[in-house]
Amino acid sequence: MGAVAIDRVEAVYRSVHARLWRSLLVHTGDAELASDAEAEAFAQVLRRGEAVRDVEAWVWRAAYRIADGLLERRGRERALEPHHDAAAERDPAVVELLDLLGGLSAQQRACVVLHYVAGLPAGRIAEVLDTSPGTVRVQLHHARERLRRDLEVS
Amino acid sequence: MDVDDADLRARFAAVATVEPPDLWPRIVETAASAEPPRRRWRTPLVAAVAGAAAVAVVAVLLVRDDPDAPDPVVTATQPSTTTAPEATTTTTELPTTTAVATTPGAWRTLDVPMLPREGAAYAVGGGRLLVWGGRDADDVLRDDGYLVDLATGTTTPVPAGPLAARELPAVAWTGTEFLVIGGHPPESAYLDGAAFDPAAGTWRPIADPPFTTAAYPRAQWTGEELVVWLPVNDRALGVFLPVAGPGQVAAYDPAADSWRTFEAPAFPAIGATFVDVGAGTYLVGGPPMEDVGSISSETYVYASELQIDSGTFGDPVTGPDTDIARAFAWPDGRLGVVTAYGTALALDDGAWEEVATWAQGCWYDIAVASAPGRTYLRTCGDVDLLDGDSTHRILDAGAPGSTINTYGSAFLVDDLGRLVVLGPPDPLATTQVLAVFDPDAPPAPAPTTPSTTVATDTRLDATLASLTERDGCGWAAFYALDDHHTALLTAVAVDEFLAVQDDPGTHQVVVDLPSERVDVRLALGVNFWICTDIGGGERADVTYRPVAGTAELTLRIAPDVWESSGDLRLRDVVLQPDDGGPPVAIADITWEGIRLGGSVGG
């Protein structure tokens with residue numbers, strides 16, 4: 001990997017790291033897994049050098065795929081148990097948030113995390129999740145409804 | 001508590017207090033070393049890793065070599081049951097003309113009274129599905145199970161036997177018994193087995209397998225023996241992880257209650273499948289375990305010494321996204337594989353021949369030059385039953401009779417050629433959905449009840465519509481006409497749908513139809529659905545006529561169209577006035593809003 005590629009990727013890393021990592025944290029419920037996924041995504045993009053045209057888009061997409069793969073390997077439902085993660089446990093509000101998201105489907109959860117935590121518009125979320133913007137909007141709608149219902153019940 | 005969007009945003013803002021670690025040094029180090037990502041495993045990792053093995057294909061995520069290109073995601077689904085809305089008026093008479101050739105076979109959906117389990121052994125035989133072991137909803141390992149009658153959906157308890165509670169054993173049907181081999185307690189593995197006779201409801205112990213280690217066994221009944229293969233396993237990480245290297249293969253003879261061993265191939269994969277092609281049994285591998293969660297991998301296909309030809313046949317396909325999802329025997333006896341992204345190949349005289357490739361979409365027929373007259377099918381429809389499969393890749397396939405069937409979820413083929421698909425476990429449910437496709441079953445009978453009028457007085461009754469996701473095509477409104485007919489109106493404005501859903505009761509669909517009689521022609525996209533290419537072209541008749549001072553729009557759809565396609569898609573709706581005036585396209589119809597009923601949902 002050349003210096004240009006490293007500089008380019010590092011610039012993207014500095015730009016998106018906080019949002020990407022936090023969104024992965026909420027998506028997976030696991031700080032270490034979030035770190036694993038993000039680090040592997042950036043490492044892969046570094047290995048590819050200049051072959052990757054849009055580093056930021058590639059990293060978002062790859063990180064979520066890697067995170068989902070790691071989650072699936074480990075057992076998604078168990079991974080979403082908020083009490084497993086020390087980083088999340090430090091903040092009761094984060095624990096409550098993770099618990100709340102446990103009622104959503106995987107796609108709904110990814111959509112709301114990318115929307116509320118990462119701040120991505122529907123079109124970008126669709127690119128990350130490899131779906132359509134319409135699907136993202138619908139999933140966001142249903143997710144909000146579910147979250148509201150759950151909060152009202154609680 | 002009234003929760004608005006600001007409340008939700010405030011809750012998500014909590015995560016901003018969590019400070020992310022600096023990963024950059026690790027990223028540079030990892031990239032330089034080209035090592036796979038550091039993985040952590042902790043309890044209950046056995047279930048997680050074995051879960052991947054259980055579905056036969058391991059790769060869950062792929063980052064393609066062409067990094068900016070979209071990954072092809074093949075979504076394999078199956079027809080869902082359409083719920084008939086409450087009829088308001090009934091006017092449609094169904095014509096009997098044959099529009100397309102009828103697809104043989106029929107789906108049945110059963111709601112089985114069975115508590116969900118993960119990691120259980122599943123096998124079908126003798127018209128019954130065995131579900132044994134696994135973890136229940138309380139995460140407790142079980143030593144009992146269920147027998148599900150595939151005809152009725154009723155269950156019979158399977159009592160505990162000589163085997164301790166466990167998950168992910170290998171299981172196969174011999175014609176008279178279910179043989180259960182190996183499996184896992186937490187962070188360990190069993191080296192035993194037992195046979196269950198479903199007719200008598202009794203267990204018998206069998207001789208212990210001659211393995212020195214046991215993890216993630218795969219088994220195949222050859223007609224005389226049960227062949228069991230184990231990958232090499234490494235406990236260096238604290239749990240069993242299959243790694244590259246020679247595995248172990250042995251065969252069990254139920255008549256002699258004895259095992260014989262074979263020299264196993266160097267098989268750097270998990271998720272292998274046995275394929276009995278009549279003249280021999282192939283052991284066909286998947287991607288190496290090390291690549292799971294990393295990048296796409298090469299595909300390995302081996303024939304063990306059990307085969308008619310020993311040796312390595314090489315990769316059937318090359319390049320990215322070539323994981324083998326499932327190996328099977330073609331009806332002509334050739335070894336077949338289907339890749340995770342929908343290419344079907346056959347091994348012919350030592351060389352791989354591509355016999356079918358399909359894109360995203362629904363059921364459709366593929367004419368295969370090398371096998372004229374044979375029909376290859378994919379399924380189409382909603383993914384409700386398989387909603388738990390977030391990856392939507394082909395995980396399994398089979399070729400009963402003259403068809404190949406692929407699904408985005410695990411399924412089993414029983415000894416009658418029927419496909420049995422078990423829905424994803426729902427921890428809160430007391431039943432599980434089980435779908436059975438019988439290729440020999442007669443098509444569903446034509447509906448005897450007339451369908452529902454979906455539009456009267458120029459108003460399309462949107463209370464009868466439901467919003468459903470179509471793979472890769474966004475969302476669309478369906479109008480359930482009756483149990484057998486569904487009209488799908490494409491190009492629904494999702495935002496409008498959602499807007500009126502948020503504000504029910506204030507909108508109605510108003511279709512700006514002319515008041516004089518017109519003939520409405522509907523082009524029905526039959527058999528497949530691709531966003532930019534809806535094909536098929538079969539027609540249904542729609543009439544529009546004044547009724548008592550108002551008007552009525554009636555769909556007349558041939559029943560065999562429905563039966564052959566699984567659903568109907570309306571496209572290019574054109575209103576052609578009788579007086580020869582210019583046709584009105586669907587895009588020109590005025591939609592003022594949609595009022596949705598209770599059937600709305602994804």
Side-chain angles (χ1 to χ4, degrees), chain A residues 1 6 10 13 17-18 21-22 25-26 31-32 35-36 38-40 42-48 51-54 57-58 62 65-66 68-70 72-75 78 87-88 90-91 93-94 96-97 100 105-107 116-117 130-132 134-135 137-139 141-142 144 147-148 151-152, chain B residues 1-3 5 7-9 11-12 14-18 20-24 26-28 30-32 34 36-42 44-45 47-49 51-52 59-63 67-68 70-71 73 292-295 387 390-391 427 467 469 472-475 494-495 498 501 601-602:
Chain A
M1 51 188 164
I6 292 179
E10 183 175 9
Y13 168 80
H17 170 50
W21 185 87
R22 285 172 181 145
L25 168 65
V26 180
E32 209 166 342
S35 297
D36 285 352
E38 182 183 340
E40 176 60 16
F42 272 107
Q44 287 195 21
V45 87
L46 274 179
R47 290 178 202 140
R48 284 166 169 78
V52 177
R53 293 183 290 273
D54 187 340
W58 197 97
R65 284 178 164 240
I66 292 169
D68 283 343
L70 293 175
E72 186 157 334
R73 237 177 116 182
R74 206 182 63 185
R78 295 185 181 97
R90 286 196 290 267
D91 188 337
V94 176
E96 187 178 343
L97 175 65
L100 182 65
S105 71
Q107 193 176 36
Y116 286 110
V117 179
D130 198 16
T131 186
S132 68
T135 296
R137 283 191 284 270
V138 170
Q139 295 288 20
H141 174 82
H142 289 310
R144 289 191 194 102
L147 293 174
R148 285 174 184 140
L151 286 170
E152 286 167 4
Chain B
M1 176 181 178
D2 186 20
V3 180
D5 196 59
D7 294 324
L8 290 178
R9 289 186 181 281
R11 289 176 182 274
F12 279 94
V15 75
T17 62
V18 181
D22 184 9
L23 301 175
W24 186 248
R26 175 182 164 185
I27 290 168
V28 174
T30 303
R38 180 170 61 88
R39 299 192 183 98
R40 299 162 304 104
W41 298 98
R42 53 191 180 193
L45 294 174
V49 175
V60 173
L61 60 117
L62 300 172
V63 179
D68 288 346
D71 289 336
V73 178
V292 175
S294 179
I295 59 175
D387 199 32
S390 59
T391 61
L467 192 63
E469 184 178 17
C473 300
W475 294 69
V494 171
D495 289 337
L498 297 179
Q501 188 179 22

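Treat the numbers as computed from the prediction; the structure is a model and nothing was measured. The chains referred to below are lettered A, B, ... by the order of the sequence lines, with proteins before strands, and numbering in each begins at 1.
- Comparing Ala39(A), Ala57(A), Ala18(A) by heavy-atom pairs within less than 4.5 Å of chain B, the highest count is held by Ala39(A).
- Side-chain contact between Trp21(A) and Val18(B) is present, with heavy atoms from C-beta onward closer than 4.5 Å.
- Within the 4.5 Å cutoff, the side chain of Glu40(A) has no heavy atoms near those of the Leu23(B) side chain.
- Proximity of a side-chain donor or acceptor of Tyr13(A) to a complementary backbone N or O of Trp24(B) within less than 3.5 Å is detected.
- Between Val28(B) and Leu46(A), the shortest heavy-atom contact is CA-CD1, 4.3 Å.
- The two residues Ala14(B) and Val94(A) have their closest heavy-atom pair at O-CG2, 3.6 Å.
- Side chain of Arg22(A) to main chain of Pro20(B): no donor-acceptor pair is present (N/O by atom type, distance under 3.5 Å, no hydrogens or angles).
- The line from CG of Leu151(A) to CZ of Arg11(B) is 4.5 Å long, rounded to the nearest 0.5 Å.
- The line from CD1 of Ile6(A) to CD1 of Ile27(B) is 11.5 Å long, rounded to the nearest 0.5 Å.
- Your options are His17(A), Glu38(A), Arg144(A), and the one with the most heavy-atom pairs under 4.5 Å with chain B is His17(A).
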